[in-house]
Amino acid sequence: MPELPEVETIKNELSPHIIGSQFTKLTIYDRTLVVKSAVEEFCRELTGQIVAGLQRRGKYLIISLANGKALIIHLRMTGALILNPETINKHVRAVFQFDNNNTMAFIDVRRLGVMWLATDINNLMDKLGPEPLGDEFNVNTLTRKLKGRKAPIKAVLLDQSIIAGIGNMYADEALFNASIHPMKTAGNLSTKDIEKLYNAIVEVIQTAINNKGASVANYKRPQGEPGTAHNYFKVAHLRGQPCPVCGEIIQRLAVRNRGSYYCPNCQRE
DNA sequence: CTTGGGACCTGGCTGC
DNA sequence: TGCAGCCAGGTCCCAA
C-alpha cells in the first residue's frame with residue numbers, strides 16, 4: 001500500500017524517465033479515475049504539456065507541468081504507476097504516452113486511486129500536516145499536535161492533518177518501536193513517550209525509503225520490482241508471529257476499523 | 001472543533 | 001465445489 005516511502009520511491013524512480021517529456025496521448029479506461037473535472041477536459045488540458053518536475057507531499061505524487069499546472073495522483077490502496085507495461089489487462093485504468101516513447105500505466109485493482117489537474121496546489125498542501133522528515137516536524141510540534149487529543153494514538157497518527165504520509169503499516173511499526181500501545185489516548189502520552197515516538201517515526205520512514213518501500217499487497221516500483229522494506233517489519237501484518245524483542249505472540253486489534261498489529265508485552269496499555 | 005462509524009472498491013483467503 | 005464472510009486501508013462524508 002503506497003504510503004510516504006512508497007510514493008517517494010515511485011517519484012524518485014519515475015523522474016529520470018519522464019521529466020522533460022511531453023504527454024502525447026492519454027487513454028482513460030476507467031472514467032472514475034479522473035476527479036474534479038470531466039475526463040475530456042482533463043485529457044485536452046494535459047495532452048501536449050511537458051513534465052517540469054516530480055514532487056511528493058504526504059502520499060500525493062505531484063507531476064508539475066511546464067505551464068504551471070500540476071497533475072496530482074493519489075494511489076490509495078492498490079494503485080501503481082508502471083513504465084512500459086507488457087500487457088494492458090483489466091486493472092489498467094489509464095495509459096499515458098510520452099514523446100520519448102515511454103508509456104506509463106496507472107494500474108489499480110481496487111480502483112480507489114484518483115488523479116486530477118490542479119491549477120493551485122497550495123489548497124491541498126495546506127490541509128496536510130508537516131512532512132515527517134522535514135524541518136517543521138520535531139518533538140515540539142508533535143507535542144503540540146497531540147495535546148488534548150482524546151482519540152487513540154494510532155488513529156491520530158493516521159490523520160494526515162497531524163503528520164503527512166503515515167499510513168497503517170508505518171503507524172504500527174512506529175508505535176512498536178516506541179513501545180506505545182495503539183489504543184493509548186494521544187493526549188496522555190508522556191514527554192518521554194513523545195520523544196520515543198518522534199524518533200521512531202523518523203527512523204521507520206527513513207529506513208523504509210532506504211529499502212524502496214514495502215511490497216505487501218500490490219505495491220510495485222515503476223520498473224515492476226518490489227521494495228524490500230517489509231522484510232524489516234517487526235509487527236505490521238505479522239499476527240501470530242513471535243515479537244522480535246520479547247517473543248510474545250503479536251496480536252491484531254481493530255482501531256477505527258483498521259487492523260493494528262502490536263506486541264501485548266512490549267506495548268502495554 | 002473532535003471523534004468515530006460507514007462507504008467505497010476488488011480479490012485472496014478461510015471455514016463450513 | 002460453492003459460497004458466505006472476513007480482511008486489506010486511504011480518504012471522504014456524515015452524525016453526534
Side-chain angles (χ1 to χ4, degrees), chain A residues 1-10 28-36 56-62 72-81 89-94 106-116 118 121 123-129 131-132 144-175 182-189 204-205 208 213-220 226-227 229-230 233 235-241 250-262:
Chain A
M1 298 110 204
E3 300 180 25
L4 189 159
E6 288 74 30
V7 181
E8 179 71 15
T9 302
I10 291 166
I28 308 291
Y29 295 95
D30 179 356
R31 298 174 60 87
T32 65
L33 172 59
V34 177
V35 296
K36 298 180 196 282
R56 179 199 55 73
R57 178 76 171 96
K59 301 169 196 168
Y60 293 88
L61 178 66
I62 301 160
I72 314 277
I73 293 177
H74 199 302
L75 299 167
R76 296 275 176 91
M77 304 296 304
T78 55
L81 295 172
N89 64 25
K90 65 173 180 173
H91 297 131
V92 174
R93 303 179 70 197
F106 194 129
I107 302 176
D108 186 8
V109 170
R110 286 169 62 186
R111 301 173 57 218
L112 291 165
V114 289
M115 65 180 181
W116 72 92
I121 60 172
N123 282 344
L124 169 67
M125 302 310 142
D126 291 348
K127 284 186 208 155
L128 297 174
E131 286 288 322
R144 210 162 50 234
K145 297 256 187 195
L146 299 184
K147 193 173 182 183
R149 289 273 175 168
K150 299 213 163 45
I153 183 62
K154 172 68 186 288
V156 174
L157 287 180
L158 296 178
D159 183 338
Q160 301 299 295
S161 69
I162 303 285
I163 313 165
I166 297 179
N168 205 42
M169 299 183 300
Y170 296 112
D172 283 355
E173 289 298 307
L175 287 171
M183 284 299 286
K184 185 151 185 175
T185 301
N188 288 352
L189 264 65
V204 159
I205 295 291
S215 283
V216 301
N218 297 64
Y219 169 70
K220 276 189 182 144
H230 53 285
F233 282 176
V235 290
H237 297 281
L238 294 172
R239 172 168 47 175
Q241 304 285 314
I250 293 162
Q251 295 191 14
R252 179 188 181 274
L253 165 75
V255 182
R256 291 269 238 277
N257 277 330
R258 295 292 171 260
S260 297
Y261 299 86
Y262 72 108

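Residue numbers begin at 1 in each chain, while the letters A, B, ... track the order of the sequences. What you are looking at is a predicted structure, and each value in this text was computed from that prediction instead of being measured.
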Once you round it to whole Å, what is the distance between [atom2] of [N] and [atom1] of [X]?
X	N	atom1	atom2	answer
A:Lys147	B:dC1	NZ	C1'	17 Å
A:Asp159	B:dT2	CG	P	9 Å
A:His91	B:dC9	NE2	P	14 Å
A:Lys145	B:dC1	NZ	P	14 Å

At less than 4.0 Å, is any side-chain N or O atom of A:Arg149 found next to OP1 or OP2 of B:dT3? Yes or no.
yes
State whether A:Lys154 places a side-chain N or O below 4.0 Å from either non-bridging phosphate oxygen (OP1 or OP2) of B:dT3.
no
Interatomic distance, [X] atom [atom1] to [Y] atom [atom2] [nearest 0.5 angstrom]:
X	Y	atom1	atom2	answer
A:Met183	A:Thr185	CE	OG1	8.0 Å
A:Leu124	A:Ile72	CG	CD1	5.5 Å
A:Arg76	A:Lys59	CZ	NZ	10.0 Å
A:Ile153	A:Leu157	CD1	CG	4.5 Å

Partner residues of [X] under the ring pair (Phe, Tyr, Trp, His ring centres under 6.0 Å) criterion, sequence neighbours left out:
X	value
A:His74	A:Tyr60
A:Tyr262	A:His181
A:His91	none

If we ignore angles and hydrogens, is there a donor and acceptor under 3.5 Å between the side chains of A:Lys154 and A:Asn168?
yes
Answer yes or no: is there a donor N or O on one side and an acceptor on the other, between the side chain of A:Glu3 and the main chain of A:Met169, under 3.5 Å?
yes
For A:Tyr170 and A:Ala214, which heavy atoms make the closest approach, and how far apart are they?
OH-CB, 3.5 Å
The helix from B:dT2-C:dA16 to B:dC16-C:dG2: angle between its terminal axes, five pairs each, to 10°?
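About 50°, once rounded to a multiple of 10°.
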Polar atom pairs (N or O), protein with nucleotides 12-16 of chain B, under 3.5 Å:
none

Scoring nucleotides 9-16 of chain C by protein non-hydrogen atoms under 4.0 Å (B base, S sugar-phosphate only, - none) yields BBB-----
Any salt bridge between A:Glu131 and A:Arg57, counting N to O under 4.0 Å?
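Salt bridge: yes.
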